[in-house]
Amino acid sequence: MLRADLDVDPLTAARLLLGSGLTGRGVTATIVEVEAYGGPADGPWPDPAAHSFRGPGLRNSVMFGPPGRLYTYRSHGIHVCANVVCAADGVAAAVLLRAAVIDTGHDVAWARRGTSVREVALARGPGNLCSALGITMDDNGIDLFDPQSPVRLELSELQVGQTGPRVGVSKAADRPWRMWLPDHPEVSAYRRSPRAPVPGGSD
DNA sequence: GACCGGATGGAC
DNA sequence: TCCATCCGGTCG
C-alpha cells in the first residue's frame, strides 16, 4: 500500500494506519491507537477539535498539503505529537498517532524514554510515541514515503479496531473518532477534557 | 500587544 | 488533582 491510499477521509485513513509500521530513527513500531481529525467548517469533514478548523495558519499548514506527510505540533509547550496527513492536497485532514508497540530498537527507545519506563509504556500516548521514535518539531512536513526520510510509514492492510471518543478534546468531545486495536496494553487510557460539556451534549 | 488555553504526561 | 512550559490565535 502506498501514499495514494491516504488520499481518503480521516476515518478510513485511521483504519489504514492501525497495524501499520512506523520507523523512526533506529526504532520500528506498529501503530495500535490513532485519532481522526477533520478540517474547517466549509470542508468535507468539519471538526471543531482539529487544529485546521480555523483554516491554514503558521503552525498547521502541513495539514492542508498532500497526504503522506508528517504534521507535528507541540502540546502544552512540552511534548511533541505527530499526525499523518491524509485526504487530497488542499483538503485538511489528519490522523494523530497515539500509541504503538515497539518491534525493534528497544534499547534506543529506552535510551530516549528512560530505562525505568515499562516496555508497554515506551510509546503509549502521543507525546511518548514521538519521544520513543525520536520525532521532533523539526520533522514537521517530512514525507513519510520518502526512503530518505528519518521517519517512514509502511501501510498494512485495513484493520478493524474498536472506537470511542477522542482523548482530551474540549470540542466535539463525544465524536467517536478514536480507534485502537483490541487487547493492547499500549493503548492509552481515555480521559475526557475537563472543559468539555457534559457527555451527550451537542457536537 | 497582552492573554488565553491546549489533540499531554508524570508526580502526589 | 495539579501543573510545567511554549506559542499561535484571538481579542481589545
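Each chain gets a letter, A, B and so on, in the order the sequences are listed, and its residues count up from 1. As the structure is a computational prediction, the values presented were derived from the model and not from experiment.
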Item to complete: Applying side chain to side chain contact (heavy atoms under 4.5 Å, CB included) between A:Leu96 and each of A:Val84, A:Asn83, A:Val34, A:Leu17, report the one that passes.
Response: A:Asn83

Worksheet item: Out of A:Val151, A:Val27, A:Thr28, which one pairs with A:Leu22 under the side chain to side chain contact (heavy atoms under 4.5 Å, CB included) rule?
Response: A:Val151

Worksheet item: Would a 4.5 Å heavy-atom cut-off, applied to side chains only, mark A:Asn140 and A:Ile142 as touching?
Response: no

Discussion item. Can you check the distance between B:dG5 and C:dG12, where both ends of the measurement are the P atom (answer in whole Å)?
Written reply: 13 Å

Discussion item. Whether A:Arg191 contacts C:dC2 is assessed here as follows: a side-chain N or O lying under 4.0 Å from the phosphate OP1 or OP2. Is that the case?
Written reply: no

Fill in: A:Asn83, nearest nucleotide to its side chain (from B:dT8, C:dG9, B:dA7)
B:dA7

Item to complete: Could you give the distance separating B:dG9 and C:dG8 at their C1' atoms, to the nearest angstrom?
Response: 22 Å

Worksheet item: For A:Arg74 and C:dC7, is the shortest distance between a side-chain N/O and OP1 or OP2 below 4.0 Å?
Response: no

Worksheet item: In whole Å, what is the span from the NE2 atom of A:His51 to the P atom of C:dC6?
Response: 18 Å

Worksheet item: C:dG8 C1' sits how many Å from A:Tyr73 OH, rounded?
Response: 14 Å

Practice prompt. Could you tell me the separation between the CE atom of A:Met63 and the C1' atom of C:dG8, rounded to a whole number of Å?
Written response: 15 Å

Worksheet item: Should A:Asp139 and A:Arg25 be marked as a salt bridge (Lys or Arg N to Asp or Glu O under 4.0 Å) after you check the CA-CA gap, both sets of side-chain angles, and the distance that decides it?
Response: CA-CA 12 Å; A:Asp139 294 322; A:Arg25 299 188 165 92; 2.8 Å; yes

Fill in: Any strand: nucleotide that pairs with C:dT5 via Watson-Crick or wobble, under 3.5 Å
none

Worksheet item: Taking for each residue the nucleotide of DNA chain B bearing the nearest heavy atom, is the 5' side occupied by A:Leu129 or by A:Ser193?
Response: A:Ser193

Discussion item. What contact category does A:Arg113 fall into here, base, sugar-phosphate, or nothing, at under 4.0 angstrom with non-hydrogen atoms?
Written reply: sugar-phosphate

Worksheet item: Which part of the nucleic acid, if any, lies within reach of A:Ser188 when heavy atoms closer than 4.0 Å are counted: base, sugar-phosphate only, or nothing?
Response: nothing

Item to complete: For the side chain of A:Ile78, starting at C-beta, report the closest nucleotide among B:dA7, C:dT5, B:dG9.
Response: C:dT5

Worksheet item: Using a cut-off of less than 4.0 Å, is there contact between a side-chain N or O of A:His76 and OP1 or OP2 of C:dT5?
Response: no

Worksheet item: Can you check salt bridge (Lys or Arg N to Asp or Glu O under 4.0 Å) on A:Asp47 and A:Arg166, steps first, answer last?
Response: CA-CA 12 Å; A:Asp47 184 1; A:Arg166 295 173 290 188; 2.7 Å; yes

Worksheet item: Which whole-number value in Å describes the distance from A:Arg54 CZ to C:dG9 P?
Response: 10 Å

Discussion item. Looking at A:Asn60, I'd like to know whether one of its side-chain N or O atoms comes within less than 4.0 Å of OP1 or OP2 on C:dG9.
Written reply: no

Practice prompt. Could you say whether A:Val117 or A:Val167 is positioned toward the 5' end of DNA chain B, judged by the nucleotide with the nearest heavy atom to each?
Written response: A:Val167

Worksheet item: Does the aromatic ring of A:Tyr37 sit over the six-membered base ring of B:dA7, closer than 5.5 Å centre to centre and tilted less than 30°?
Response: yes

Practice prompt. Quickly work out the A:Arg59 CZ to C:dC7 P distance and round it to whole Å.
Written response: 12 Å

Practice prompt. Considering only atom C1', compute the distance from C:dC7 to B:dG10 and round it to an integer number of Å.
Written response: 23 Å

Item to complete: Please report, rounded to the nearest Å, how far the C1' atom of B:dA7 is from the CG atom of A:Asn140.
Response: 15 Å

Worksheet item: Within this structure, what is the CZ-to-P distance between A:Arg178 and B:dT8, rounded to whole angstrom?
Response: 11 Å

Discussion item. Between C1' on B:dA7 and CG on A:Leu96, what's the gap in Å once rounded to a whole number?
Written reply: 5 Å

Worksheet item: So do the side chains of A:Met179 and A:Arg15 get within less than 4.5 Å of each other, counting heavy atoms only?
Response: yes

